[in-house]
Amino acid sequence: MKKQLEMVVEKVNEIALDTIEMTLSNVHAAKTAQPGQFLHLQVEGHALRRPISIADIDRENNFLTVLFKKLGDGTKRLAMYRPGMTIDALGPSGNGFSYEPSMKTVLLIGGGIGIPPLYNLGKQLKNKGIKVIAVLGYQSKEHVFYEEKFNELGETIVVTNDGSYGSRGFVTNVLDQVADFDYYFSCGPVPMLKAVTKALHGHQGYISLEERMGCGIGACFACVIPTDTEGGYRKICKDGPVFAVNEVIL
Amino acid sequence: MKKQLEMVVEKVNEIALDTIEMTLSNVHAAKTAQPGQFLHLQVEGHALRRPISIADIDRENNFLTVLFKKLGDGTKRLAMYRPGMTIDALGPSGNGFSYEPSMKTVLLIGGGIGIPPLYNLGKQLKNKGIKVIAVLGYQSKEHVFYEEKFNELGETIVVTNDGSYGSRGFVTNVLDQVADFDYYFSCGPVPMLKAVTKALHGHQGYISLEERMGCGIGACFACVIPTDTEGGYRKICKDGPVFAVNEVIL
Amino acid sequence: MIDLTMDLPGLNLKNPIMPASGCFGFGREYSEFYDLSRLGAVIMKAATGDVRYGNNTPRVAETSSGMLNAIGLQNPGVEKIIENEVPFLANYAIPIIANVAGSTLEEYVKVALAFNKTESVNALELNISCPNVKEGGIQFGTDPDMAATVTEKVKEASNLPVYVKLSPNVSDIVGMAKAVEKAGADGLSMINTLTGMQIHLETKKPLLANKTGGLSGQAIKPIAIRMIYEVKQHVTIPIIGMGGISTAEDVLEFLLAGASAVAVGTANFQNPCVCPEIIDALPRTLEQYGFQSVLDAVGKGYEA
Amino acid sequence: MIDLTMDLPGLNLKNPIMPASGCFGFGREYSEFYDLSRLGAVIMKAATGDVRYGNNTPRVAETSSGMLNAIGLQNPGVEKIIENEVPFLANYAIPIIANVAGSTLEEYVKVALAFNKTESVNALELNISCPNVKEGGIQFGTDPDMAATVTEKVKEASNLPVYVKLSPNVSDIVGMAKAVEKAGADGLSMINTLTGMQIHLETKKPLLANKTGGLSGQAIKPIAIRMIYEVKQHVTIPIIGMGGISTAEDVLEFLLAGASAVAVGTANFQNPCVCPEIIDALPRTLEQYGFQSVLDAVGKGYEA
Ligand SMILES: Cc1cc2nc3c(=O)[nH]c(=O)nc-3n(C[C@H](O)[C@H](O)[C@H](O)COP(=O)(O)OP(=O)(O)OC[C@H]3O[C@@H](n4cnc5c(N)ncnc54)[C@H](O)[C@@H]3O)c2cc1C
Ligand SMILES: Cc1cc2nc3c(=O)[nH]c(=O)nc-3n(C[C@H](O)[C@H](O)[C@H](O)COP(=O)(O)OP(=O)(O)OC[C@H]3O[C@@H](n4cnc5c(N)ncnc54)[C@H](O)[C@@H]3O)c2cc1C
Ligand SMILES: Cc1cc2nc3c(=O)[nH]c(=O)nc-3n(C[C@H](O)[C@H](O)[C@H](O)COP(=O)(O)O)c2cc1C
Ligand SMILES: Cc1cc2nc3c(=O)[nH]c(=O)nc-3n(C[C@H](O)[C@H](O)[C@H](O)COP(=O)(O)O)c2cc1C
Ligand code: FES
Ligand code: FES
């Protein structure tokens, strides 16, 4: 039977502007988590849980790392949790990224707080001997995080919207600078995903989606995304958050 | 101008069953507090503040002590506050006990969590050279607190409802054992206050009242008590919580 | 031994706790958290005549002590529900209540008729109160005459007991309750959500794609208690109470107000095991306040 | 410079923030916390024809993100208010709004007439929605015809602009708003409290002596926003918005929904300085979301 998990906060760091890296420990979660899955975190005093992607998995120490942006009341509150405190979580939830050993070169395209789930994926791809290229987009210089970590995985291009670091513009501006790849994996705001899937039309890829959630387990139909124009749909919390590009309509 | 006070939690102890003694520090509050006044404490996550009487005042260290019973969600939560945390308080609020140097012997009659405000009063009376007698009623043995402290002030009779400690019964059962006194001060549940004022009819005295409060400062009319049958009233939060026995109708 | 059982039209409940319609899907997801046969009963997500996709997203928003939803009755249609979902729930030894929705009288009747086909459904909950669906601009749930008509027609069509689910968005809840009782309702279910809205400051637009949504959760509990308390004094049919329940104490408050059983909605999202946890806590809570059985407590808020 | 001013019938507001009726008494207590002349305006506690003691205690209860109150219109009567309270508030350079209540048409008119005597009151807020007062069992606030009648009579009697305060306990808030607009209301004030109840498990009785009470606070904000948004599209008179406001962001949400000014009620009890704190924060909040003035933001929730 599934259970709510009691996760212990191990570390909390502000690694970029309003961007928190939090390490949580829990045996079950660390043993079973897959890249692209998320945790559904209960923040005290809030009626709804917050879905946050798993950014890194340390199976030896039973640690999971999440990165989140201080946005509204819930994430601001979450940022105030201190080591030793516990967080009630559901998960690891949803379907993560699937990859095959046959893949040769994979392109990771992340925007802002959509970047974290790509990190653990990149690590696993590299471990399997798959070549990794990353294009990471941030608002501005002070929002940049994990650049070195991605550099360790492979060639990494950074863009900022205001040009204060790396190239200026959007991730799609630099896609033509990227070498050949056979698959892409992308996560970020919907407008970015729309632009990316359009720009990379014809390529096979996977995208990770966000939507406001109720239950986070597939029961309430809050987080659906259409698969066709005839009423077909998927639930992001259960069937996703990762989908093949041609599986859903953005 | 009045302000909300930021009070720092100094000590928290469970001194009897479900009974918490909490020491708070704040210069303004400690300098101005009078026995019988209360603090209106904001407990995180609650729409309304909790009125809690001031049980002891330490003007040297700028400490105030409050005693409260873990009853509902608010007081349970308050009991979890730890030293170093701050509490937002209004107060010291209301009118406390008034006494005159001309008083010779004073009887304190407290019931349960109504006992705390009488403690500091007793101390001040004793300092003024007024003789203090105390009758304290508790539910049962494990609810007894501050007995030694009252013993230091003067003769103290303890009763418990179930007879597990001291005499069995109610405070009114032992009033005939008490020596002569010229004033009495009483605080406790309304049924007790009714019984006390009836039993001591003819004596002069002051009682401290409780009522559910909204604003706690006299603006919302939540906490009124009639003074006559013609629509006259007092506000417990502002005109009280202490009243002369013949001032209000219980 | 505290007696948790409750006998209601069509429903022999071993305890008075059931998940509320729309907050539990068709039970599959929660069956991964606990054995559904622990529940008093289960209320399925709304069924309509045909498949519906529902509203655009975002469909939910968070509020203080509550949430707004505008799912828009997404469901596979009554036939698919009977074919694919009811058999799954029938594996558990608990009564099944089907939530019946529609945009027209005919659709309500069609759905009700369809459920006659299956042996596994024990009662209907007639959802006349979904705030996001109207006919001719008037909601079935706010006009006593329309509510009575749809109740009558569904009663005629169905061979099952019918619990009419009332909307709180009305001036006169007692009038609504009396109208549907007179029209033949076997029970009431109350309350559905209150219509609300949140405006998103970033976009300066209503946050929900549907603009308005239904407010549920602890925020609305005082309204639910008041309405049940008022209605209970004017009807003789039993009430399934809901609105902000998340603890056994909440359940007792609803029983005292006049509910004979309760449903738990939004709280499932915070804690997927909330229903069995309430069931475990309920005997001790009843005992603590001096009750030997659920039946003992029903409506006691009037008498003391 | 962000422009916080707002011109409404009878009210030249230097900022759109005022304390809500009944949550601020007649200002004396809060004047010990800050200079009341910082406020946009002040709305006094309800005035009735004669002195009223109000309901028995307990009169308030806490709920999730809110509270219930059943004060029962306790007040010294309109004459004493004019004699003792208005002069105190007149010391501050802010518009004064008098909240007018009654149990009968005649009483409303009497109170309204009385306020003609003083120069210091700038507008009336007609409280037809106090949930604890009815005539002949029907609340003025839930029947559009009665609401129109009392509005008309008070308009006839008074030489002041009249803002009618609507009750949210209705099926059709737009109908109510249109009825009072047609009857001559100069503005609307919305929303009053939702009728609720809490049952005290210890005593097994409703906690409030009056049994039911009015629900206020953050819990009701989504309902207030929805009603203002709906009404704004159907009336041309301005709306003073209220219900659960405690931050400058909340104020902006009400402006976007269609309110031209706002009142802050329950939040005063948590934080006696909440009004000046909101006034201080408002310019930055408006700027952050791209507005140069309060007027800029009013009703913008429709257009984006
Ligand atoms: C599958 C998934 C994975 C995510 N992973 C991450 C991550 O790794 N790091 C990160 O910073 N953010 C992530 N998000 C977004 C994150 O959930 C929101 O930023 C967060 O919920 C906002 O909460 P808040 O209290 O700050 O905002 P508020 O605006 O106060 O939240 C109010 C409500 O809206 C919901 N909400 C607001 N924005 C979003 C959003 N963008 N997506 C979903 N719900 C939202 C909240 O959960 C809450 O229910 C993810 C979202 C999804 C769906
Ligand atoms: C002037 C005054 C002085 C007090 N001094 C003390 C004291 O020194 N120690 C102590 O333990 N208690 C004292 N009380 C009672 C104390 O305020 C309540 O026990 C407390 O508010 C209960 O809060 P809760 O969260 O535990 O209960 P809940 O039942 O969860 O509270 C719900 C609401 O009811 C109110 N409430 C519940 N019981 C009471 C009550 N008896 N009186 C007033 N409001 C109530 C709460 O403040 C809150 O608004 C005093 C009350 C007053 C009016
Ligand atoms: C996401 C969601 C979906 C709902 N869907 C339905 C529905 O399909 N049919 C129905 O009758 N009520 C529906 N409701 C209302 C609930 O069944 C319940 O009446 C209401 O939420 C109050 O209970 P709660 O506060 O415990 O959630 C829904 C509520 C929520 C939150
Ligand atoms: C204790 C209390 C007393 C109130 N008294 C009145 C009143 O006398 N007249 C009136 O029109 N509204 C009265 N109200 C309603 C408020 O003015 C306001 O409309 C309502 O509380 C919603 O705002 P809030 O959520 O900010 O409190 C009262 C509210 C409270 C909480
Ligand atoms: S959040 Fe409930 S179905 Fe996805
Ligand atoms: S609590 Fe508001 S007047 Fe006393």
Side-chain angles (χ1 to χ4, degrees), chain C residues 61 63-68 139 141-143 167-173 176 194-206 211-213 215 217-230 244 246 249 252-257 285 288-291 297 300-304, chain D residues 61 63-68 139 141-143 167-173 176 194-206 211-213 215 217-230 244 246 249 252-257 285 288-291 297 300-304:
Chain C
T63 71
S64 292
S65 296
M67 65 177 283
L68 293 168
Q139 297 181 0
T142 53
D143 182 85
S167 165
N169 301 296
V170 297
S171 311
D172 177 14
I173 191 74
M176 292 298 298
L194 284 129
T195 311
M197 179 186 280
Q198 188 171 101
I199 297 186
H200 196 216
L201 300 188
E202 311 285 344
T203 57
K204 300 168 185 62
K205 281 192 296 197
K211 294 186 178 172
T212 62
L215 181 65
Q218 299 179 357
I220 70 168
K221 197 182 74 171
I223 298 168
I225 294 288
R226 186 266 293 184
M227 290 191 163
I228 292 168
Y229 187 94
E230 285 180 356
S246 68
E249 281 78 17
L252 178 54
E253 193 179 349
F254 275 79
L255 297 177
L256 294 173
T285 303
Q288 183 185 341
Y289 292 100
F291 297 106
K300 280 299 182 304
Y302 306 87
E303 296 159 28
Chain D
T63 70
S64 292
S65 295
M67 66 177 284
L68 293 168
Q139 299 180 358
T142 54
D143 182 85
S167 164
N169 301 295
V170 297
S171 311
D172 178 14
I173 191 74
M176 293 296 301
L194 283 129
T195 311
M197 178 186 283
Q198 188 171 100
I199 297 185
H200 196 216
L201 300 188
E202 311 284 345
T203 57
K204 299 167 186 67
K205 282 193 293 200
K211 294 187 180 170
T212 61
L215 182 66
Q218 298 180 358
I220 70 169
K221 197 182 75 171
I223 298 167
I225 293 288
R226 185 266 293 183
M227 290 189 164
I228 292 168
Y229 187 94
E230 284 179 356
S246 68
E249 282 78 16
L252 178 53
E253 193 179 349
F254 274 80
L255 297 177
L256 293 173
T285 303
Q288 183 184 342
Y289 292 100
F291 297 105
K300 281 299 182 301
Y302 306 86
E303 296 159 27

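Here is the naming used below: chain letters follow the sequence lines, and residue numbers restart at 1 for every chain. Atom set for the values below is all heavy atoms of this structure, side chains included, hydrogens, waters and symmetry mates excluded.
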C:M197 and D:E253 have their tightest heavy-atom pair at O-OE2, 4.2 Å
Any side-chain donor paired with an acceptor under 3.5 Å for C:S171 and D:T142? no
What's the separation between atom NZ in D:K221 and atom CD1 in C:I199, rounded to the nearest 0.5 Å? 10.0 Å
Any idea which of D:A297, D:A61, D:S65 has the most non-hydrogen atom pairs under 4.5 angstrom with chain C? D:S65
Quick check on D:Y289 against chain C: is it the side chain, the backbone, both or neither that has a heavy atom closer than 4.5 Å? both
If you take all heavy atoms of C:T212 and D:E230, which pair is closest and at what distance? CG2-OE2, 4.2 Å
Starting at CG of D:D172, measure out to CG of C:D143 and round the result to the nearest 0.5 Å. 11.5 Å
Mind checking the OG1-CE spacing from D:T195 to C:M227? Nearest 0.5 Å is all I need. 8.0 Å
Pairwise distance CG(C:L201) to CD(D:Q288) - rounded to 0.5 angstrom: 8.5 Å
For D:L68, is it the side chain, the backbone, both, or neither that has a heavy atom closer than 4.5 Å to a heavy atom of chain C? side chain
Highest number of heavy-atom pairs under 4.5 Å with chain D: which of C:I225, C:I228, C:I173, C:T285? C:I225
Hey, could you give me the CD1/CD1 distance between D:I220 and C:I220, rounded to the nearest 0.5 Å? 14.0 Å
Can you tell which part of D:L215 gets under 4.5 Å to a heavy atom of chain C, answering side chain, backbone, both or neither? side chain
Looking at every heavy atom in both D:S64 and C:Q218, which two are closest together, and how far apart are they? OG-OE1, 3.1 Å
Top residue by heavy-atom pair count (under 4.5 Å) with chain C, among D:P222, D:P206, D:G141? D:P222
Shortest non-hydrogen separation from D:A219 to C:A219 and the atoms involved: CB-CB, 3.7 Å
